[in-house]
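Just so we're on the same page: letters track the sequence lines, and every chain starts at 1. These values consider heavy atoms only, across backbone and side chains, with no hydrogens, waters or symmetry-generated copies. As the structure is a computational prediction, the values presented were derived from the model and not from experiment.
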Number of protein chains: 2
Amino acid sequence: MSSVTNLKTDKYESNRRDAIRAAASVFAAKGYHGASTSDIAAELGIKQGSLYHYIKSKEEALYEVCILGIEDYVSRMKSIASSRQSPEAKLLAVVTSHLASYREKNEAMKVHNDERLYLPKERRGELKRLGSLYRTLLEEILQSGIDAGSYRSDIDVEFVAKTMIGVCNSWGHHLVRYPELDMFEVVQKCADYFVHGLVETAR
Amino acid sequence: MSSVTNLKTDKYESNRRDAIRAAASVFAAKGYHGASTSDIAAELGIKQGSLYHYIKSKEEALYEVCILGIEDYVSRMKSIASSRQSPEAKLLAVVTSHLASYREKNEAMKVHNDERLYLPKERRGELKRLGSLYRTLLEEILQSGIDAGSYRSDIDVEFVAKTMIGVCNSWGHHLVRYPELDMFEVVQKCADYFVHGLVETAR
DNA sequence: GACGAATTCTATAGATCTATAGATTATTTA
DNA sequence: TAAATAATCTATAGATCTATAGAATTCGTC
């Protein structure tokens, strides 16, 4: 009885997820305002009006896409942060995870980055919370590297975290636009550059 | 006689520039597709239809805004690149110039970064050329720093240039969104971080 | 002040686009 | 298989929005 109901619900939920993914793909390609609900429906192979069986509005679709994008991203960060590795290894893992999210065609992440500000402020609270959490966890990794004596003690942890996130997003866009780029090479170079900078380091 | 003609022409050209700047401001705030020609006209204090006295189409406005944004940016880079300073000083000047462009409410630059891909490919040739020129000049500065022995000889100059541009754009967005940020502090930290990275450097 | 040119306005045609309502088809369940 | 439920479709109201045409106004020059 209740299993029957769940089956139906599950089907609906699965279709709904497909709709959100289609929206992510279309928003990533055309931007929120540049994309129409017809585009999303076409991506799903249904008619424009039918889409509203799964979403209440185009704006709700954007919200769901943003949540989808950042949830994965934050949950991966959580598991890295709580793992038993050196700060250096964690840092490498963070960069890998961040860039892999882009490469795995996780269009939702690009949409979160580029389009979330088109949501009304009232709807951005949860996104903001998750984004701050991500940055805080990254800052803790950096701080533990400083405490362990691996990193300079005079760096501004918040500044470095924001810069690293900026770099990862920037290279994430490159990775999406230029599929021939080797992701692991980019990860390697980012990590090396974050750590060593431009000048020769005494070893 | 011809001075009369020029006066008139100049007035028109000056108004046209104002229109492009208004478009830049509106596109920066709402995105290309999210902004309407009415918004641009309102920013100028004229009616929607009147705008077409100065632009042929909304798309042309986007093109002009992008050109405006990147031209300044490239010309400043040119003068830095050809100046007689050390590579280190040039690098600092580049970062300053880049971030100052954002702070000076040069919305055109933000629009160039975020919206230029909505132009049809045929119209992006010149933008691409200017963007490549910018990066090439930055790479030359980096290379001269390597040649002078100031920087590590094993860095990938193209990679570092792209990364630096990504960082500057990322902080540029922060500077636009958070007016309370101290630009010179950001410049300082970016430059320090570019050069030294996370680990203590032997001096 | 009068003429011509430049600028701005009003009005609108013609394309969108979102969201909804109700009919239709497909799928489950009994 | 018949009834109930879910998924999709068609059609459309009501808001846009872009670009144009032609009228009205302002400006510069003589």
*Between A:Y12 (OH) and C:dT28 (C1'), how many Å, whole number?*
18 Å

*C:dT29 C1' sits how many Å from A:K11 NZ, rounded?*
14 Å

Grab the N/O contacts between the protein and nucleotides 19-22 of chain C below 3.5 Å, and write none if there aren't any.
unit_1 : atom_1 : unit_2 : atom_2 : d
C:dA19 : OP2    : A:Y52  : OH     : 2.5
C:dA19 : OP2    : A:K58  : N      : 2.9
C:dA19 : N7     : A:Q48  : NE2    : 3.1
C:dA19 : N6     : A:Q48  : OE1    : 3.0

*If you find the nucleotide of DNA chain D closest to B:Y32 and the one closest to A:H53, which residue's nucleotide is nearer the 5' end?*
A:H53

*asked:* For A:A100, give me all partners under side chain to side chain contact (heavy atoms under 4.5 Å, CB included), at least two apart in sequence or on another chain.
replied: A:E104, A:M183

_Side chain of A:K47, heavy atoms from C-beta onward: which of C:dT7, D:dT10, C:dT18 has the nearest atom to it?_
D:dT10

_Between D:dC9 (C1') and A:L51 (CG): distance, integer Å_ = 13 Å

*Look at the side chain of A:R116 and the backbone N and O of A:R124, then say whether any donor-acceptor pair between them is shorter than 3.5 Å.*
no

*Just jot down the ring-ring contact (aromatic ring centres under 6.0 Å, His included) partners of A:Y63, sequence neighbours excluded, or say none.*
none

_Can you measure A:L44 atom CG to D:dA7 atom P for me and round it to whole angstrom units?_
13 Å

*Taking only residues two or more places apart in sequence or in another chain, which ones pass side chain to side chain contact (heavy atoms under 4.5 Å, CB included) with A:E115?*
A:Y32, A:L62, A:V111, A:Y118, B:Y118

*Check whether any side-chain N or O of B:R103 sits under 3.5 Å from a backbone N or O of B:P179 as a donor-acceptor pair, and report yes or no.*
yes

_Passing option when B:Q48 is tested against B:D39, B:I40, B:T37 for side-chain contact (heavy atoms from CB on, under 4.5 Å)_ = B:T37

*For residues 16-31 of chain A, which residues have at least one heavy atom under 4.0 Å from DNA chain C?*
none

_Qualifying salt bridge (Lys or Arg N to Asp or Glu O under 4.0 Å) pairs, either residue in residues 42-59 of chain B, two or more places apart_ = B:E59-B:R123

*Rounded to the nearest Å, what distance is computed from the NE2 atom of residue B:H33 to the P atom of nucleotide D:dT18?*
11 Å

*Do side-chain atoms of B:Y54 reach the backbone of B:Y12 as a donor and acceptor pair under 3.5 angstrom?*
no

*Find the distance B:N15:CG to D:dT26:P and express it as a whole number of Å.*
16 Å

*For atom NZ of A:K30, decide whether the heavy atoms of other residues, nucleotides or ligands shown that lie under 6.0 angstrom number more than 12.*
no

